[in-house]
Every structure is written in C-alpha cells, then in structure tokens.
Amino acid sequence: MADAKREIERKYESDESGLPDLTGVGGVAAVLDKGLVDLDATYYDTTDERLAAASLTLRRRTGGSDAGWHLKFPVAPGVRDEIRAPLSDTVPEEIAALVRSRVRDRALLPLVRLRSARDVRHLVDADGALLAEASVDTVTAERLTGAGGAAQWTEIEVELADGGDPALLDRLEKRLRAAGVRPSGSPSKLARALEQTAPGRGGKRRRKKAGPAEPVTAGDHVLAYLRAQRDVLVELDPAVRRDIPDSLHQMRVATRRARSTLRTFTAVLDRTATDPVGAELKWLAGELGVDRDQEVLADRLSTALDALPPALVAGPVRERLTAWAAGRRGGAHAHLTGVLDSRRYLTLLDSLDALLADPPLGKAAGKKPGKALGKAVRKDEEKLAGLMEHALELPPGEDRDLVLHEARKKAKRTRYAAEAATGALGGPARSLTRSMKSLTTRLGDHQDSVLARRTLRELAAVAHAAGESAFTYGLLYGREEARAAELEAELPARWRKITDGGAG
C-alpha cells in the first residue's frame, strides 16, 4: 500500500555552491554531518508531459532511506504531498490510479533521469531532535526521450522535519540570503531538468505560458466557468480516491456546476452537442452522491442521537446506527473507486476536453455578455419561482416534499448560473448567488430531514424484528418531523424576502 507524507521544503542556488553555518538559527543547536548519499531517480510522464504541466512529479528512485516510487502533488509554494510505494519495476497500480484523471489512456514512460550526489546535514535542537535537513545536491540530468540533452547544476535544499514549525524555514532563509544564497528559479529538480534538457533549449529556462485572456463575449464567460469546473474534477480525482475530507463533496459540486452551465446557457453553447455531455455529468453526479449522501445522513443521525439524554436511548441504537453507516460507506467507497476507474468516466473527461477545445458556439456566444447571460439567469429564476409558489400552496406531506426537492435543485442551478455570470453582471449576480445559497441550505436541511425519517423507519423496522425497542427511533423521527415543519413554516417569509431583493 502507498503511504502519504507532507513535504515542506525550499530550494536555493549559490554561485559558490556552499552551505553557510546555520548553528544558532531558530533553535538549531548543532549541524550534524550525515555524509554523502547517491540518489538515482527516473521521472515518468506521458509523451506530452501531462504530469509536468500540472506540476506533478512521478519518480522511481534508488539510494537513500526512502527508495521506491514517489508521486508528489503541489499543495502550496514549497509544500507538497508525497505518496510513496515500494520499489518495483513498473508503476504500482495504486500510484497509477492517482494520476489516471490526467493521464487517461496515455502510457507513463521514462522521461528524465536525475543522479544526485547529496551532501546531507541534520539541523538538531539542544536535545538532539531533528528540526530540518539541509543538503547540497550536485545534480546530473539526462533526458531519456527525443533529442534531448543533459545538464548539471548544484542546489541547496532545506526540508522541514515532520511536525516542525514552518517559521524555522523563514529564519533559515534569512541566514542563507545573508550568505549570498538565493531562492531557486525552479520549483523542483524535474522542472529545471525539463527546461535545461529540452531539445533546442540550449540550457535556457523556458518562459512561463501566458494565462488565459480576460473574458469578453458571453461565450468567453461561459467557457471560462466550464473550464474551471473541468479543472476541479481532474484535480480532485486523486483526493477522492484517497478519501481526503470534503474532496468528494467538492467534486460532486463541480460536476453539478458543469452540468448546470450546459443546461442554462443553451443560447451560448449548442445543446445538440452538449446534451450528451450533460447526460454523462448527471450520471457522474449521481454516482458521486452515493457516498456523499450516506456520509451526510450518518452524521445527521449520529448528532441527533448524541443530543438525547442517555435515559431516552433504549436498546443498542448507537451500535446499530454505527454498523449501518460503516456497512453502507465501505461498499459505497469501493463502488466510487470503480466509477473513477471506469471507461465511461474517463470518456467523459475526454469529452469535456474536446468541448472546451472546440466549443459548439451558439448564436449568443459572440454577443456582449450582460444581456445574453442575464437573460439565461432570469429564465432559471422564473422556473424556480414557479416551483416555490407551487410548493407553498401545497399542504405538508409527500407531495410538498417532492416539489421542495425539485425547487432545491432549481435553486442550485440558478446559483451556479449567477456564479458563471458574475464577471459580466457584477453585484446583482453576487447578490443572487448569496440568496440562492441561503435558500438551498434551508431546502437541503428539509430534504435531509425527509431522508433521515425514511432511514429511521427502516432502522426501527429492523430493530423491531430483532426484538429490540423502537422507542428511540420513533423519538428521533418525531424530532425530524418537527424540524421539517419548522423549516416549512419559515419558507413563505424567506421566499418573500428573496423575491423582494434581499439575501434570504
């Protein structure tokens, strides 16, 4: 199995290639010479360097104390999450899965070989505890593909010890700068190697690519928003596989935003071309929801149970709820991983790429954004208003629950439409976004209550069949019912506030 490690480090260059004395800086009581280590790393990527474009590095390294496969994800400047797997001849499957959303069907091939002679120093405190590791690396880079060349350089690297205080790196940098050492112009050894060994580069650093142009037309605004959601899907894929908190929820939201964009702005993007992509986004959102909805519901029921006095908990309610949640979640996450490995999902990502590369522009795409996007947003608002008015006319019960659930989905779509149009519409779109967020939160709470009551009925039936008391399930059901009634009673006033132009 792969292990994860947070890596916090800084890289430097020095004309003299020397490491100044760091004793006494930020609690460093001694600098221990740990000798010379030879490292040999082969970096893998696709032929079009998809990993490098995303600032990801995948290497197979021998030498040192951590020989094996290393996959690094950028977190912040100087901060990366490193996923490690044991040494093997081919890329381990658990590592390959984490880059699948970027690589798709393309092969991972040896791209660059880096051999480093690392002169290591340990910076320790008065008790001998490791604070940071400083090293001087003499690097030889060799490009393994095409007509690439070779390069050599020396760099200084300072890596914070596990659990260390990042402020130490600031103090060490101050000492390094005073000694003439300067921050490296490349974020990683691989980035520098790619720059200096690229065919025809002659060792020169390549210029950074210009960012996307500012949106001008209605089509520009819609495509920029859609592109941002595609990027979120790709970037969150490995986090969802690793079960990083909130990553699944954010990936599902990006999926819904992308689908809503295609459904709302049909005058900008031709729906005859986008409807098939929208259908696949709907499928993906549903698959992502299996695990997420289960997580939310389990948390809601557990919180409600915790709030009860012990005297009102009759029978093994907590044990039964825990077993129900664990059983559902384990199966759901395994299913989710299968979805992310599926041909259908990878084809969807390819379809989004193709749509953005050659967008099926509609008649409104080239127009000024204010009028075209505003018209689309208002259309969603009108549909939401119809659903809300219908729901408020219905008596409490299953029919109203269903209409409120539909209104919640429409409110989300209106919110996402307003988000996409904010760059063109400004303040009114931001105000509408806030109103829709407030409304969807309340309607979401209501829908969660509907699902909670359904689950409590099921659990009560199972408990009763096992000869256990169903009293606590009934009590929790009654509280959920009261919460739903309270939310429904508040809705008319809140809806009037929104329609009158308030934030809800």
Side-chain angles (χ1 to χ4, degrees), residues 2 7 9-11 13 39-61 68-85 90-92 94-116 137 139-153 155 157 183-212 227 230-239 241 346 349-350 352-353 356-357:
E7 178 184 83
E9 66 179 17
R10 298 183 187 180
K11 297 180 182 296
E13 299 174 355
L39 305 174
D40 191 341
T42 299
Y43 287 78
Y44 285 67
D45 206 337
T46 60
T47 54
D48 54 355
E49 299 181 15
R50 290 190 163 210
L51 300 186
S55 299
L56 304 182
T57 60
L58 170 60
R59 72 187 180 199
R60 180 187 185 274
R61 190 168 78 178
W69 288 90
H70 304 154
L71 172 62
K72 298 189 180 187
F73 291 96
V75 176
V79 183
R80 294 185 291 182
D81 279 342
E82 183 176 271
I83 313 300
R84 298 176 176 178
T90 58
V91 181
E94 60 265 41
I95 295 289
L98 295 177
V99 297
R100 191 159 290 141
S101 64
R102 297 198 182 273
V103 172
R104 316 286 168 79
D105 289 331
R106 290 161 180 79
L108 288 167
L109 303 171
L111 180 64
V112 170
R113 184 182 183 187
L114 296 181
R115 284 170 287 181
S116 302
D137 294 351
V139 185
T140 300
E142 176 189 4
R143 186 175 283 258
L144 303 177
T145 59
Q152 290 185 329
W153 69 88
E155 70 178 35
E157 184 177 293
S184 175
S186 296
S188 67
K189 287 184 175 67
L190 175 62
R192 185 166 183 173
L194 291 175
E195 292 166 354
Q196 297 191 2
T197 66
R201 291 290 178 182
K204 294 181 180 180
R205 304 249 175 121
R206 52 182 155 187
R207 296 177 181 175
K208 293 183 178 179
K209 295 181 180 179
R227 186 175 294 107
R230 185 278 313 272
D231 291 346
V232 171
L233 287 178
V234 173
E235 290 166 6
L236 284 177
D237 176 294
R241 292 174 185 270
L346 296 177
L349 296 182
D350 285 341
L352 284 170
D353 288 349
L356 290 164

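If you read the sequence from its start, that first residue is 1, and numbering goes on from there. Source: prediction; values computed, not measured.
- Considering only heavy atoms from C-beta on, S188 stays 4.5 Å or farther from K72 through its side chain.
- Residues forming a side chain to side chain contact (heavy atoms under 4.5 Å, CB included) with V232 (at least two apart in sequence, or on another chain): L236, A254.
- Not counting sequence neighbours, the partners of R230 by the salt bridge (Lys or Arg N to Asp or Glu O under 4.0 Å) test are D353.
- Although no hydrogens or angles enter the test, the distance criterion places a donor-acceptor pair under 3.5 Å between the side chain of D45 and the main chain of A52.
- The only option from E13, R192, E195 that meets the side-chain hydrogen bond (donor to acceptor under 3.5 Å, both in side chains) definition with S186 turns out to be E195.
- Smallest separation of non-hydrogen atoms from T42 and P110: CG2-CB, 3.8 Å.
- Remark: the backbone N or O of R102 is paired with a side-chain donor or acceptor of R50 at under 3.5 angstrom.
- Taking both residues in full, the closest heavy atoms of A141 and A193 are given as CB-CB, 3.8 Å, listed atom of the first, atom of the second, then distance.
- Residues meeting the side chain to side chain donor-acceptor pair (under 3.5 Å) test with R100, sequence neighbours left out: E93, D341.
- Partners of E142 by salt bridge (Lys or Arg N to Asp or Glu O under 4.0 Å), not counting sequence neighbours, listed by chain and number: R115.
- When the side chain to side chain contact (heavy atoms under 4.5 Å, CB included) test is applied to T145, the partners found at least two apart in sequence or on another chain are L111, R143.
- R241 places a side-chain N or O within 3.5 Å of a backbone atom of A97 that can act as its donor or acceptor partner.
- Evaluation of the side chain to side chain donor-acceptor pair (under 3.5 Å) rule for T46 yields D48 as partners, not counting sequence neighbours.
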